[in-house]
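What follows is a set of notes on a single structure, which appears directly below.
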Amino acid sequence: MIRRALSLLCLLLCLAGCQRETQVEKANRDKILIVGNSTDPKSLDPHLVTGVIESNIIRALLEGLVADDPKTDNAYPPGAATSWEHNPEFTEWTFHLRHDGQWSDGTPLTAHDFVFAYHRLLHPDLAGPYAEMLYFLKNAEAFNRGEITDFDQVGAKAIDDHTLHISLKEPVPFLPDITRHYTWFPIPRHVVLRFSKNGNTISDRFTPWSDAGNLVGNGPFILKEWRFNDKIETAKNPRYWNAANVKLNGVRFVPVENFYTETRGFLAGQLHATYQLPPPLVDKLKAEHPEFVRQEPYIATDFIRINTTRPVLDQPKVRMALSKAIDRKLLCDHILQGNTPCGTITPDMGDYQPDHIVSYDPQGAKDLLAEAGFPDGKGFPRFKILMSSSGSRGTVEALQAMWKQTLGVMIDVQPMDWGSYISSQQKLDFDISLAAWTGDYLDPSTFLLMWTKDNGNNNTGWHSEEYENLLAEAAHQSNPAQRLALFKQAERLFMEAQPVLPISFRGRNYLLRPEVKNWHPLLLDNHPWGALSLEP
Amino acid sequence: MLKVILSRLFQSILVMFVLYTITFFLVKALPGNPLQGDKAMPPHIMAKREAYYGFDQSPLEQYTRQLSKFLQGDPGFSFRLEGRPVAEIIGQAFPVSLQLGVIAMTIAVSIGIPAGCIAAARKNGLLDTLSMSIAMIGICLPSFVTGPILAEWLGRALKLAPAYGWDPAKPATWFLPALTLGLAYAAYLSRLTRAGMLETLSQDFVRTARAKGVPGWRILVRHCLRGGLIPAVAYIGPAFAGIVSGSLVIESVFQIPGLGRHFIKSIETRDTPVILGVTMLYGALVITANFLTDLAGIWLNPRLRKAA
């Protein structure tokens, strides 16, 4: 028995010793990019998902009217459309599709595929979770709610095979940016219908059309294989309109949920890029492997959400006092490495640079709390701070200490699993919570619209008629500069009320191998896979 | 013997039914909506989605519908991986966990049982103290400590084996995860084997054999091993069921696409069909393993054999 066991161990060790070439070295030869992507996507059907994880993969398989630029967020290179024009009010847009556009099975890509995609996502029976992204279209919301049933009334028309006309309910100067979101991508009508019930049901929710082997795309890559918790393998799409300039033969997305494991895998030569570098490892890796560490701004904000329906927390002075007592720089220097301290909710984007309303001011915080009737925290009730089990424990503990030291206020920590955390916030069954928001596109509306009265993501209980009037005025404003000025005014009003206490603009900390070329910092982090290359 | 088998089969069906029912209603009692994503959905969309999954029905109706489908061999579709059949998810992950579990258990048995025998044979000697001390350390150190340590030392520093990833066709990738998983079980096995062997070694027939001049190793292997292994065998059955149904820690530390991560993730996301599918698989494995353990116990123990 012992001899057999030892033989087996020796054999295993010998076999182990034979492992010389790393996955990255092999992938460099094969021109396959291997990237960490955190977790499995919920689905690869763009009409059933809402997340960034899914977006990363879908952008490899499908392409919208406008493409992503590898170097900047503010350039709009042609994608499925070669050109576009709009009326002076930014409400009527015409996109001219390229004539050589085709699906990966050789079927021509037409404007009808776009209209079909918008029809399907907005169809009430499909119940697409992110149909709201199409509400910019005229009558889209009414159709989605079932208030009208004729899709011809919705503002998306195929004038001919290569001309798509879009009518919007209000001016949207940033529409080209919106069309880069996967909810605006085309889907292959002929394939989706083939796999649906009776072969012609547009709203069939679960059809295998997006499975490996079935999914037909118009992006630079095609889906080869999806093994749960293991990998999603894509291969170059030879029928992509720009295939001649796609230098990679494929992209492999690896769902590594444990970021420490992912870092170890990267350092062992198993990945070209990681999804996230755990904050405690940032300094160590910067010292040991500065050539790999990337710290870049990202379109996300960390903040404290306050339930303004709770007594005491319903007082703006109390909320402002709590906010002024937060030493954001300290947090970013020691716990949230890579993040930037912020005093407002929307990160700078293009011409929009909001004022930072709140900053660390311990004396000001004490004075405000005293004015609210709680000098040195006396009589202040003990609150709980809700956090998800995957949230930053260090941040919450630092906040506890800051509020205790500066204001004499005691806060307990209430960790919950993700489902309960989301549920508690939606039911306003919490005091304060550690939260974050990631923008979908480069316009302040992606951060500001959620604080309206009926928005399901508000979850603060706060609303203001004046704020909503400013947003409505901005929505009808076709002058881009005036529109942004109105948003700025609305954001100031929102921040002066402090229903959320901004902490930091999130940065992306990750590892990237130097042989990955044409990968540049992007606020939306939408690196166009087709433009990347591997040059060891 | 046939009566024993039939009786156990009936009990197993009853246990599986109770397990399904309890799990279903426990999941239903958890807070949180499995259809709720990170971002809120408009109420009309949420209502449609709930109707699609039958959430607009009472829990009892949902239970009856799902159970009836389950009995027809259809465990349903995942909520988290929308539209993906539970059978496909388990079908991909279980072979990985099974392969890892079999290798780990082989390592555990190969190390644990000989170590226990040697310790018993050299009771209170240096080998006994040494092996049992190591075993105690192995028991006390959880795999989320040994895993990263082995991965860093043997994997990254010594480059003895890959510290990340799993490839069924590349034995090198099996080594570190199987060793980490196997060592913890080896530690338990060695202690159980030692205890069993010591008890057997104190029996009268051993004294008689020694008096007759039978060599020590022969007494140990031929006369005592069978009886001494009974506690270890009783442990191996349920442990094997546990080991092949996935280990979240090992899968997470070594990036292995096994069943354990699905299990935890499905609970986090209230993915009832996957929770039920994995729980029932685990239940079936435990029941089967226990049954086989009992059969092995009967074979090893003449008194039980006579009773059966």
Which atom pair, heavy atoms only, marks the closest approach of B:Gln255 to A:Val254?
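Looking at all heavy atoms of both residues, the closest pair is NE2-CG1, 3.9 Å.
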
Ignoring hydrogens, what is the shortest heavy-atom contact between B:Ser252 and A:Asn258? Give both atom names and the distance.
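What the structure gives for the nearest pair is OG-ND2, 3.1 Å.
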
Decide yes or no for [X] and [Y]: does some side-chain heavy atom of the first lie under 4.5 Å from some side-chain heavy atom of the second?
X: A:Arg264; Y: B:Val253; value: yes
X: A:Asn144; Y: B:Ile45; value: yes
X: A:Phe228; Y: B:Leu81; value: yes
X: A:Pro124; Y: B:Lys48; value: yes

Salt bridge or not between B:Arg84 and A:Asp211? Use side-chain N to carboxylate O under 4.0 Å.
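Salt bridge: yes.
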
Heavy-atom pairs under 4.5 Å with chain B are the metric here; pick the option from [options] that has the most.
options: A:Gln426, A:Arg205, A:Glu132; value: A:Arg205
options: A:Tyr421, A:Tyr260, A:Trp437; value: A:Trp437
options: A:Gly128, A:Ser43, A:Pro129; value: A:Pro129
options: A:Leu267, A:Val256, A:Thr50, A:Asp454; value: A:Val256

Is it the side chain or the backbone of [X] that comes within 4.5 Å of chain A heavy atoms, both, or neither?
X: B:Arg270; answer: side chain
X: B:Ala163; answer: both
X: B:Thr269; answer: neither
X: B:Glu88; answer: both

Go through the atoms of [X] and report whether side chain, backbone, both or neither lie under 4.5 Å from a heavy atom of chain B.
X: A:Thr39; value: side chain
X: A:Asn457; value: both
X: A:Leu126; value: neither
X: A:Tyr130; value: side chain
X: A:Ser423; value: side chain
X: A:Asp429; value: neither
X: A:Asp45; value: neither

Tell me if the NZ atom of A:Lys453 is crowded by more than 12 foreign heavy atoms within 6.0 Å.
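No.
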
Check the surroundings of atom CZ in B:Arg122: do more than 12 heavy atoms from other residues, nucleotides or ligands lie under 6.0 Å from it?
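It does not: B:Arg122 CZ has 12 such atoms or fewer within range.
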
Identify the residue among B:Gln92, B:Lys265, B:Arg261 that makes a side-chain contact (heavy atoms from CB on, under 4.5 Å) with A:Asn229.
B:Arg261

d(A:Asp417 CG, B:Ile267 CD1) to nearest 0.5 Å is 10.0 Å

Is it true that a side-chain atom of B:Lys159 and a backbone atom of A:Ala268 form a donor plus acceptor pair closer than 3.5 Å?
no

Name the orientation class of the two ring planes belonging to A:Phe206 and B:Tyr52 (parallel below 30°, tilted from 30 to 60°, perpendicular beyond 60°).
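Ring orientation, 0 to 90° scale: perpendicular.
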
Which of the residues B:Glu152, B:Arg80, B:Glu251 is involved in the greatest number of heavy-atom pairs with chain A at under 4.5 angstrom?
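Max contact count across the listed options: B:Arg80.
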
So, for A:Phe266 and B:Tyr164, is the gap between ring centers shorter than 6.0 Å?
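So the answer is no for these two rings.
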
